[in-house]
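Following: one structure in structure tokens, then a few remarks.
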Amino acid sequence: MSQVKNTKPGEHKHCQCQDTQNHFLERAFESLKLEAAQRELLLAPFRETIVSIPLLTRRAEGGNLHTFMGYRVQHNHARGPFKGGLRFHPSVNLGEVRALAQLMTWKTALVDIPFGGAKGGIAVDTNTLSHHELEILTKRFVQKMELVFGVHHDIPAPDIGTNPQVMAWILEEYSKTHGYTPAIVTGKPVELGGSAGRLEATGHGVAYLTGKMASEISLGIDNASVVIQGFGNVGFHSAQGLAAMDARIIALSDARSGVVCDKGINIEQAQRHVAKTGWLENLPGTEPVNNAELLELPCDILIPAAVEATINCDNAEAIKARLVIEAANIPVTHLADATLRERGITIVPDLLANAGGVLTSYYEWVQNLQEFPWDYDTVLRRLEQRLGRVYEQVRDLAQQHNTDLRTAAYELAIDRVNKAVALRGF
Ligand code: GLU
């Protein structure tokens with residue numbers, strides 16, 4: 001995936017995302033007139049856990065024995081158990097996890113589900129491990145985090161580099177000592193108590209909000225040109241949802257490169273090509289484009305669905321979209337955010353745009369606790385209703401306070417967390 005220019009993978013990027021988050025928060029703190037002590041309390045993580053996981057590997061670089069670092073940052077649980085994904089990616093580090101954990105607190109508060117915020121992960125390139133090695137690594141991570149996780153304490157979920165299979169291993173390892181406990185993790189396979197619709201939920205929410213937002217700015221979604229950076233779970237399901245609304249997906253990219261076709265890319269064909277070859281490269285009927293060029297293509301809607309800080313000072317002036325929908329977490333740096341806003345580009349912020357994922361995780365947790373599964377249509381109907389309602393609250397507050405959608409979303413979320421913290425006492 002594209003990195004910030006002039007930096008090594010993982011370097012600076014995490015500083016940028018913490019910095020970015022702090023700047024966004026400051027705007028909302030000012031508007032809410034929070035005192036310094038309240039701000040300090042809201043920013044401080046509750047607990048940070050770092051573990052080392054030794055693993056005898058056959059393929060990883062640096063010999064047979066490799067020690068991987070694992071993290072779980074629990075930011076705030078005033079409104080309910082800690083909730084957030086696990087990321088398996090080489091650039092995972094404490095700073096990045098800390099910023100992403102905090103974002104989960106605001107995201108769960110914004111969509112008003114009874115959870116706090118957490119994030120975790122392992123610094124690992126999963127491509128260097130066999131399926132079996134990944135299973136052992138995941139289960140050892142759970143052994144070390146066993147006291148940190150809990151159905152009413154902290155519930156992990158998928159993020160970049162993890163998937164329903166990894167969640168199944170977490171369920172298995174945790175259940176060894178605690179008895180069969182499906183509600184310990186969300187994003188599981190449906191066969192093990194996962195929710196219908198959870199796999200596509202984040203992308204479905206992105207597509208739904210994109211359609212809603214497009215009509216708000218009088219941009220018909222029908223035939224609107226869309227560029228999507230990232231073709232993982234979120235990018236793929238966003239593309240699929242938008243194609244179903246007759247939007248024209250003119251460019252897509254993955255970690256290696258991108259493809260472009262002005263007439264529109266057939267998403268199912270792209271998926272089959274990736275399943276066969278591993279990459280989008282050489283997708284029949286498309287031209288190659290690199291990740292940097294892709295973001296600057298003329299289009300109506302740009303959807304960053306990859307990693308952090310891909311829209312930054314280097315390219316913000318060159319973005320040509322009318323709408324930017326943040327399917328990834330923290331994909332736009334604060335300086336780029338200011339530039340885009342000045343240029344009249346509307347941004348739907350991450351804590352709203354990609355909240356369909358954690359919202360459906362909540363539905364999964366509820367179904368697990370009640371031992372009563374819902375059908376697919378019920379899940380997606382509730383997802384759309386809730387996201388639509390939250391969007392309208394954010395839009396109305398933004399209009400009332402004459403501010404942007406991001407600041408309004410942060411204001412709503414911070415206010416809820418701040419009130420919960422105060423009510424529980426210090
Ligand atoms: N990793 C996803 C996110 O960043 C989902 C988290 C969850 O479902 O708990 O929102």
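Atom set for the values below is all heavy atoms of this structure, side chains included, hydrogens, waters and symmetry mates excluded. As the structure lists them, so they are numbered: ligands from 1, and atoms in each ligand from 1. Note that the numbering runs from 1 along the sequence shown for the chain.
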Can you confirm, on distance only, whether ligand 1 has an N/O atom lying under 3.5 Å from any N/O atom belonging to Pro158? yes
Take the angle between the ring planes of Phe68 and His66 and call it parallel below 30°, perpendicular above 60°, tilted in between. tilted
Ligand 1 versus Thr202: contacting region, heavy-atom distance under 4.0 Å: neither
Could you tell me which atoms of ligand 1, counted from 1 in the order shown, lie closer than 4.0 angstrom to a heavy atom of Arg198? 5 (C), 8 (O)
Would you kindly say whether Thr346 and Arg322 are connected by a side-chain donor-acceptor distance under 3.5 Å? no
Contact atoms of ligand 1, heavy-atom distance to Met104 under 4.0 Å: 3 (C), 4 (O), 6 (C), 10 (O)
Protein heavy-atom partner closest to atom 3 (C) of ligand 1 - residue, atom, separation in Å: Lys107 NZ, 3.4 Å
Is it the case that the side chains of Ser253 and Asn291 hold a donor-acceptor pair, with the cut-off being a distance below 3.5 Å and no angle test? yes
Smallest separation among heavy atoms of Asp350 and Pro331, with atom names: OD2-CD, 4.2 Å
Assign the ring pair Phe82 / Phe46 to parallel, tilted or perpendicular, where the plane angle (0 to 90°) is split at 30° and 60°. tilted
Closer than 4.0 Å to some heavy atom of Gly84 - which atoms of ligand 1 meet that? 9 (O)
Rounded to the nearest 0.5 Å, how far apart are NE2 of His75 and CZ of Arg47? 14.0 Å
Under 30°, 30 to 60°, or over 60°: which ring-plane class applies to Tyr410 and Phe24, parallel, tilted or perpendicular? tilted
So is Lys119 polar-close to ligand 1, meaning N/O to N/O under 3.5 Å? yes
Nearest protein heavy-atom contact for atom 9 (O) of ligand 1: which residue, which atom, what distance? Lys83 NZ, 2.8 Å
Could you check atom 7 (C) of ligand 1 against the protein and tell me its nearest heavy-atom contact, residue, atom and distance included? Ala157 CB, 3.3 Å
What are the atoms of ligand 1, with element, lying closer than 4.0 Å to any heavy atom of Ser361? 7 (C), 8 (O), 9 (O)
Minimal heavy-atom distance between Val97 and Val92, with the atoms involved, is CG2-CG1, 3.9 Å
Any N/O pair Thr186/ligand 1 closer than 3.5 Å: no
